[in-house]
Amino acid sequence: MKAFDYIRPNSLEEAGRYFAQGKSVKILGGGATLFLQLQNGELAPDIVMDVKDIPGFRDVRYHHNHGLKLGAAVNLQHLVTGLEIRRHYPLLNQTAHQLASPQIRNRATIGGTLAWASPVSELAASMLCYDAVCHTWRPEGARAIPIGELYLGDFKTALGPDELITHVHLPSFPVRTFGVYQRQTVRHDGRRMIAGAAALAVRKHNALTNWRIAVLGVDDRPKRMPEAEALLAGAPAEEDIEQALAAVQDNIHPQDVVYARADYRRTVLDSLLRRSIQAIIDNLQDYNA
Amino acid sequence: MKHEIRFIINGESRSLTVLSQQTLLEVLREDLGLTSPKHGCSTGECGACSVLLNGEVVNSCMVLAAEVDGADILTVEGLATDDELHPLQKSFIDHHGVQCGYCASGMLISAKALLNRTSRPHEEEIREALVGNLCRCGAYADIIKSIQVASRARR
């Protein structure tokens, strides 16, 4: 790796001063993606800024009315083990179990993973279902970016070069929320993603409301599928599911990759999403039984 | 930029001077002579460089040495006592968990992290714990068996 200065600010203001120096600054969370770019020479910043000591960046707070606040430097492993996640955000918890490897989950941070903006981000797909909002800070001030507006496609984000993700906020969800994530990859650690389908719904009496569908691997970014969600409202019958799946097919644009052709990714996604939706309906029936 | 760091390595407190761009793996191998963590892929895929950082398994090629100031680190050199191998090491020898040996340190460290939190893991848990460790000899079956037997022998 080329020489750089490693710095570890203790406040946002201190971080801001480094941005103002006119040097190139790269932000370090867990390094899971930054190191790839430093090692292969793609990036050669003057400063690598470790944000883990900034107050609040490692905080996890849950309140049954206000929802969940996850600091940007909280690691992905917390989504596997954190009690509040396991209890109140089952889809996020289930997704986290499958993310990368223990080594990576122990280091990679929520802020860093979201800022990397992989087109096949499983974390983002789950966050999309929960209507997460990304809170950021830059010298001009703080702002809130809904997760659906953070990703601009193909690793691009709405974040400025001097903008830090401070935390992510997820609204509270009723206890009776079901979530299922299904994926198909070439490798067990999630590399070489073919497609993934996240589904979430809230039980209300004998019906399922608030359906959320997010898909990945079939477009330039993880995406919600509002047309399909509308078709599933209530207690979806077989033909509603078929229509919803057709609506998804109309709204995706998969690309060929060396390990999966676009039409194969379409077919795989269809099967995965069908399974996710059916698993949620089965959950409801088990609950009623 | 230079950094003075102090940390605990295999139970022993050490301080040294490192450069910003040095990885923990480089410092362990080059400065401290601890060669159990291996340099594999540099991309966090192979797990040959795995160490325990404050009890959690990480890829030491993806950690800056400057980051570990104040941390507690364990490598395979810290597994055995002066006169006895760790039960995992013995089991890897007895059940052929080591073929060429390049991945073995990382496998042992991932197994240690698993046994620290689960005393009697079942096969599926062992497989999950090894997701980040590649063995290109393909000795997985014997590695899993070695870990299983070691966990049973422990109590």
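Order of the sequence lines sets the chain letters (A, B, ...), proteins ahead of strands, with each chain counted from 1. What's counted below: heavy atoms across the whole structure, side chains too, no hydrogens, waters or symmetry copies. Remember, it's a predicted structure, so these values are computed and weren't measured experimentally.
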Practice task
Mind running side-chain contact (heavy atoms from CB on, under 4.5 Å) on A:Met1 and B:Thr23 for me, showing each step along the way?
Solution key: CA-CA 9 Å; A:Met1 282 192 278; B:Thr23 64; 3.4 Å; yes
Fill in the blank from the handout: The reported gap from OG in B:Ser20 to CG in A:Asp50 (rounded to nearest 0.5 angstrom) is 11.0 Å
Fill in the blank from the handout: If you tally heavy-atom pairs under 4.5 Å between each of B:Leu19, B:Leu114, B:Val131 and chain A, the highest tally belongs to B:Val131
Completion exercise
Filtered by a 4.5 Å non-hydrogen cutoff, the part of residues 85-104 of chain A contacting chain B is A:His97, A:Ala100, A:Ser101, A:Pro102, A:Gln103, A:Ile104
Fill in the blank from the handout: Whatever's closer than 4.5 Å to a heavy atom in chain B on A:Asp5 counts as both
Practice task
Ignoring hydrogens and angles, tell me if any N or O in the side chain of B:Thr43 forms a donor-acceptor pair with the backbone of A:Leu36 under 3.5 Å.
Solution key: no
Problem - A:Arg138 atom CZ: more than 12 heavy-atom contacts under 6.0 Å - result: yes
Handout entry: Portion of B:Glu128 that has a non-hydrogen atom of chain A nearer than 4.5 angstrom
Key = both
Problem - Which portion of B:Ser50 sits near chain A, non-hydrogen atoms under 4.5 angstrom - result: side chain
Practice task
Mark yes when over 12 heavy atoms from residues, nucleotides or ligands other than B:Lys145 sit less than 6.0 Å from its NZ; otherwise mark no.
Solution key: no
Problem - Heavy-atom contact with chain A under 4.5 Å, split by part of B:Leu52 - result: neither
Can you give me every donor-acceptor pair (side chain of residues 65-83 of chain B, partner residue at least two apart or in another chain, under 3.5 Å) with its distance?
from, atom 1, to, atom 2, distance (Å)
B:Glu67, OE1, A:Lys52, NZ, 2.9
B:Glu67, OE1, A:Arg107, NH1, 3.2
B:Glu67, OE1, A:Arg107, NH2, 3.1
B:Glu67, OE2, A:Arg107, NH2, 3.0
B:Glu67, OE2, B:Leu64, N, 3.0
B:Asp69, OD1, B:Arg6, N, 2.9
B:Thr75, OG1, B:Asn10, ND2, 2.9
B:Thr75, OG1, B:Glu77, N, 3.3
B:Thr75, OG1, B:Glu77, OE1, 2.7
B:Glu77, OE1, B:Ser36, OG, 2.6
B:Glu77, OE2, B:Thr35, N, 3.1
B:Glu77, OE2, B:Ser36, N, 2.9
B:Thr81, OG1, B:Glu84, N, 3.3
B:Thr81, OG1, B:Glu84, O, 3.2

Handout entry: Residue A:Arg187 versus chain B: region with a heavy atom under 4.5 Å
Key = side chain
Handout entry: Heavy-atom closest pair, residues A:Tyr6 and B:Met1
Key = O-SD, 3.5 Å
Problem - Which portion of A:Leu38 sits near chain B, non-hydrogen atoms under 4.5 angstrom - result: neither
Exercise for the section: Scan B:Val58, B:Asn54, B:Leu53, B:Asn59 and name whichever one has a side-chain contact (heavy atoms from CB on, under 4.5 Å) with A:Asn106. Expected result: B:Val58
Problem - Greater than 12 external heavy atoms within 6.0 Å of A:Gln255's CD - result: no
Problem - B:Glu45 versus chain A, the contacting section by heavy-atom distance below 4.5 Å - result: both
Handout entry: NZ/B:Lys90: more than 12 non-hydrogen atoms of other groups inside 6.0 Å
Key = yes
Handout entry: Interface moiety of B:Ala113 toward chain A, non-hydrogen atoms closer than 4.5 Å
Key = neither
Problem - Top contributor to chain A interface from B:Arg127, B:Met62, B:Glu56 [non-hydrogen pairs under 4.5 Å] - result: B:Met62
Practice task
Heavy-atom distances under 4.5 Å only: say whether A:Leu28 touches chain B with side chain, backbone, both or neither.
Solution key: side chain
